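Notes follow the structure.
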Amino acid sequence: MRFTTVYRKLYRQHGPQHWWPGETPFEVMVGAVLTQNTAWSNVEKAIANLRSARLLDAAAIIRTSPARLAKLLTPSGYFNVKARRLRSLCAWYVEQGGFDALNRRDTPCLRAELLAQHGIGPETADDILLYAFERPVFVIDAYTRRLFGRLGLIAGNETYEVLRAGMERRLARSDDRIALFNEFHALIVVHVKDICRPRPRCDSCCLARICPSAQK
DNA sequence: ACCCAGGGTCATA
DNA sequence: TATGACCATGGG
């Protein structure tokens, strides 16, 4: 079983996803922080709050008081934690000169910089790299582990770096890796949300024939 | 009344 | 390296 086969089946069932949901690269970064262990429906409410407060802007966020920022982030949960993380990320973003300046750096350098920011772990960093800076980085998340684990393609307890490097190596010769990684991660998320949930609905799953845990 | 969600940090062993 | 506590809201 090849990962490209999984991708093809997912794409045939769910179609193109046009991710990330977000108007600008900066909004993508904000969403990546707010969605940490949180349902996207909740993140949407918080982003809407920021938009109506005209705070979808790094410099504007820094000027806002932490208390006000936290209040606007209430719907997305962990609002005190996320207010601090968002503020420090914005401070870095502005200090570094904004999107265009950051975008001139190569991917390993940018990735290391992101990981050095407080509250930015491997998945959040890779969401930002792939969907805001359009770099060919394969994002690993809980859904990726669950799906590939159910398919028997991974054990599930590998470290983040092992999985990411492994996927990027296997897909190294694909022609448009940015577009592929973009769609692949999006398809995994929608597929697991709809079908491969904690209680799977394997009857309506395009991968049922190749999925060991779908056999009854 | 549960369980779950597109993680990350920190303390501990 | 690996586990556990903690952060918190909203939908099923």
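Because the structure is a prediction, the values reported are computed rather than measured. In the text below, chain A, chain B and the rest are named by the order of the sequence lines, each starting its count at 1. Atom set for the values below is all heavy atoms of this structure, side chains included, hydrogens, waters and symmetry mates excluded.
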Sugar-phosphate only, base, or nothing, as touched by A:Val81 at under 4.0 Å among non-hydrogen atoms: sugar-phosphate
Short side-chain N/O contact to B:dA5 OP1/OP2 from A:Arg146, under 4.0 Å: yes
Side chain to side chain, A:Leu10 and A:Leu147, heavy atoms closer than 4.5 Å: yes
Sugar-phosphate, base or nothing in reach of A:Asn42, heavy atoms under 4.0 Å: base
A:Tyr93 ring center within less than 6.0 Å of A:Phe99 ring center: no
Nearest-nucleotide comparison on DNA chain B, the residue closer to the 5′ end among A:Gly121 and A:Pro198: A:Pro198
Sugar-phosphate only, base, or nothing, as touched by A:His118 at under 4.0 Å among non-hydrogen atoms: sugar-phosphate
Nearest-Å distance for atom pair CG/P, residues A:Leu86 and C:dA8: 14 Å
A:Leu114 CG to B:dG7 P, straight-line distance once rounded to whole Å: 17 Å
DNA chain C: 5'-proximal contact among A:Lys45 and A:Asn37 (nearest heavy atom): A:Asn37
Whole angstrom value for the distance that separates C1' of B:dG8 from CD1 of A:Ile140: 17 Å
Heavy-atom side-chain proximity of A:Phe26 to A:Cys90 below 4.5 angstrom: yes
Sugar-phosphate only, base, or nothing, as touched by A:Ile188 at under 4.0 Å among non-hydrogen atoms: nothing
Heavy-atom side-chain contact between A:Lys71 and A:Phe79 under 4.5 Å: no
B:dC10 and C:dA8, which share atom name P, separated by this distance in whole Å: 15 Å
Rounded distance in Å - NZ (A:Lys193) to P (B:dC3): 22 Å
Complementary nucleotide for B:dA1 - Watson-Crick or wobble, under 3.5 Å: none
Whole-Å gap separating P (C:dA8) and CG (A:Leu34): 13 Å
Sugar-phosphate, base or nothing in reach of A:Arg145, heavy atoms under 4.0 Å: nothing
Heavy-atom side-chain proximity of A:Trp92 to A:Leu114 below 4.5 angstrom: yes
Between C1' of C:dG10 and CH2 of A:Trp40, the distance in whole Å: 15 Å
Sugar-phosphate, base or nothing in reach of A:Thr124, heavy atoms under 4.0 Å: sugar-phosphate
A:Ser41 vs A:Thr159, nearer the 5' end of DNA chain C by closest nucleotide: A:Thr159
Length of the line joining A:Gln36:CD and B:dC10:P, which is rounded to integer Å: 13 Å
Protein-nucleotide distance (A:Leu115, atom CG; B:dG7, atom P), rounded to Å: 16 Å
